[in-house]
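Throughout, a chain's letter reflects where its sequence line sits, starting with A, and its residues are numbered from 1.
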Protein chains: 2
Amino acid sequence: MSAKKWLKELRAQGYRLTDARRAVVETVAQSPRALTPSEVYDLARERYPTLGLVTVYRTLEKLEELHLAQRVHQDDGCNAYLAHAEGHQHLLICEKCKKAVYFEGDDLDDFFTEVGKKHNFAVKDHWLQLFGTCEDCKYG
Amino acid sequence: MSAKKWLKELRAQGYRLTDARRAVVETVAQSPRALTPSEVYDLARERYPTLGLVTVYRTLEKLEELHLAQRVHQDDGCNAYLAHAEGHQHLLICEKCKKAVYFEGDDLDDFFTEVGKKHNFAVKDHWLQLFGTCEDCKYG
DNA sequence: CGTGATGTTGAAAATCATTTTCGATTATAG
DNA sequence: CTATAATCGAAAATGATTTTCAACATCACG
Ligand SMILES: [Mn+2]
Ligand SMILES: [Mn+2]
Ligand SMILES: [Zn+2]
Ligand SMILES: [Zn+2]
């Protein structure tokens with residue numbers, strides 16, 4: 001339930017708080033999985049029926065700029081947005097229900113640097129994502 | 001220079017060998033970096049000027065199905081295609097010139113399984129990509 | 001080597017996601 | 001409360017990708 005924090009941050013950046021924004025922010029902030037603009041639109045309209053799709057795009061763009069949400073890349077698309085993690089974390093995603101969980105504690109930088117050396121690359125960043133099946137989707 | 005192998009494989013799957021396909025296949029097979037459909041179009045037209053963009057899309061689709069090429073995900077887009085690696089490998093990509101190199105030898109499955117256990121996930125797959133600067137782009 | 005059945009082609013039209021434009025509306029500083 | 005500038009949603013514009021279709025080219029078979 002970080003919606004309040006997100007709204008406070010938007011306000012702190014000089015943005016106005018409107019019902020349309022609140023609907024989008026609350027929808028994304030409390031979703032257990034990454035949502036596409038169109039999914040956000042459908043869900044947020046349950047809270048605020050006159051919301052326009054354009055405002056969804058505009059709000060997601062701002063949330064991304066402020067690092068409150070991030071875009072998630074998956075085999076079936078790369079335009080779904082998820083609440084951003086604190087600090088350096090990676091994603092574990094259920095292939096069935098798409099539930100996303102962050103994890104930390106990977107200590108692989110030495111390995112990555114070593115791989116870089118072999119190919120004469122200076123490694124600066126990495127992406128790591130795990131895919132599997134969550135508890136709820138274990139069967140069926 | 002795996003273009004010949006790719007063409008042989010296309011033929012083996014019952015597809016006909018045309019000049020348009022050859023131009024696309026050769027372009028992607030010998031590129032040191034992932035190419036978007038539009039980039040493939042521009043490059044392949046140097047070999048076969050009447051090539052249509054539609055054929056580029058159709059050929060890339062087939063190369064992906066046959067696992068000869070794969071789509072590469074990057075911050076600036078996820079529709080660039082690269083020659084697929086043999087077996088299980090991961091990518092190391094130069095952020096400046098986009099040169100892509102495969103590496104193997106990561107032995108992280110135990111760690112991934114452990115992460116999964118903590119969150120009650122059965123981990124089945126993972127994505128790992130490294131980003132940095134290649135030798136040629138070290139300065140400037 | 002023909003040759004015909006069938007796969008393939010590129011242009012144009014259709015579709016789909018995203019962005020831009022714009023006049024009306026609304027949040028908020030003062 | 002009021003004035004002003006930000007924000008809104010509808011509609012139009014854009015850009016990427018897919019579909020349609022009639023002409024064409026490949027290649028199995030004779
Ligand atoms: Mn990490
Ligand atoms: Mn691996
Ligand atoms: Zn699940
Ligand atoms: Zn480089």
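One finds the CH2 atom of B:Trp127 at 8.0 Å from the CD1 atom of A:Ile93 (value rounded to the nearest 0.5 Å). Atom CG of B:Leu63 sits about 10.5 Å away from atom CD of B:Glu9, to the nearest 0.5 Å.
Contact check for B:Val115 versus B:Val123: no side-chain heavy atoms found under the 4.5 Å cut-off. Here the side chains of B:Arg22 and B:Val25 are not in contact, with every heavy-atom distance at 4.5 Å or above.
Between the P atom of C:dA27 and the CG atom of A:Leu7 lies a distance of 14 Å, rounded to the nearest Å. Straight-line distance from the OH atom of A:Tyr41 to the P atom of C:dT19: 16 Å, rounded to whole Å.
Between A:Arg11 and C:dA29 there is a side-chain polar atom (N or O) within less than 4.0 angstrom of OP1 or OP2.
Here A:Asp109 pairs with A:Phe112, A:His126 under the side-chain contact (heavy atoms from CB on, under 4.5 Å) rule; sequence neighbours left out.
Less than 4.0 Å separates DNA chain D from at least one heavy atom of each of the following residues of residues 59-79 of chain B: B:Asn79. Annotation: proximity of residues 47-58 of chain A to DNA chain C (heavy atom, distance under 4.0 Å) is found for A:Val54, A:Tyr57, A:Arg58, numbered in ascending order.
Within 6.0 Å of atom NZ in B:Lys117, 12 or fewer heavy atoms from other residues, nucleotides or ligands are found, so the atom counts as exposed in its surroundings. Shown here is A:Glu61, whose CD atom has no more than 12 heavy atoms of other residues, nucleotides or ligands within 6.0 Å.
Note on the helix from C:dC1-D:dG30 to C:dG30-D:dC1: terminal axis deviation equals 40°, with five pairs used at each end and the result rounded to 10°.
For B:Arg21 against C:dT8, a side-chain-to-base donor-acceptor contact under 3.5 Å is absent.
Of the residues near DNA chain D, B:Arg16 and A:Gly14, the one whose nearest nucleotide (by heavy atom distance) lies more toward the 5' end is A:Gly14. Mapping B:Leu17 and A:Ala20 onto DNA chain D by nearest heavy atom places A:Ala20 closer to the 5' end of the strand.
Hydrophobic clustering (ILVMFWY, side-chain heavy atoms < 4.5 Å, transitive): B:Phe103 and A:Leu108 are in one cluster. Under the 4.5 Å side-chain heavy-atom criterion for ILVMFWY residues, no single connected hydrophobic cluster contains both A:Val54 and A:Tyr41. Linking Ile, Leu, Val, Met, Phe, Trp and Tyr residues whenever their side-chain heavy atoms come within less than 4.5 Å places A:Leu43 and A:Trp6 in a single cluster.
Of all heavy-atom pairs between A:Cys134 and A:Cys94, the closest is N-SG, 3.4 Å.
Boundaries of the chain B contact region on DNA chain D are D:dA16 to D:dA28, first to last in 5' to 3' order (nucleotide atom under 4.0 Å from a heavy atom).
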Distance-only donor-acceptor hits, side chain of residues 73-86 of chain A, under 3.5 Å, sequence neighbours excluded:
{"residue": "A:Asp76", "atom": "OD2", "partner": "A:Lys98", "partner atom": "NZ", "Å": "2.9"}
{"residue": "A:Tyr81", "atom": "OH", "partner": "A:Arg71", "partner atom": "NH2", "Å": "3.0"}

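Between B:Glu95 and A:Lys124 there is no salt bridge, since none of the side-chain N atoms of the basic residue sits less than 4.0 Å from a carboxylate O of the acidic one.
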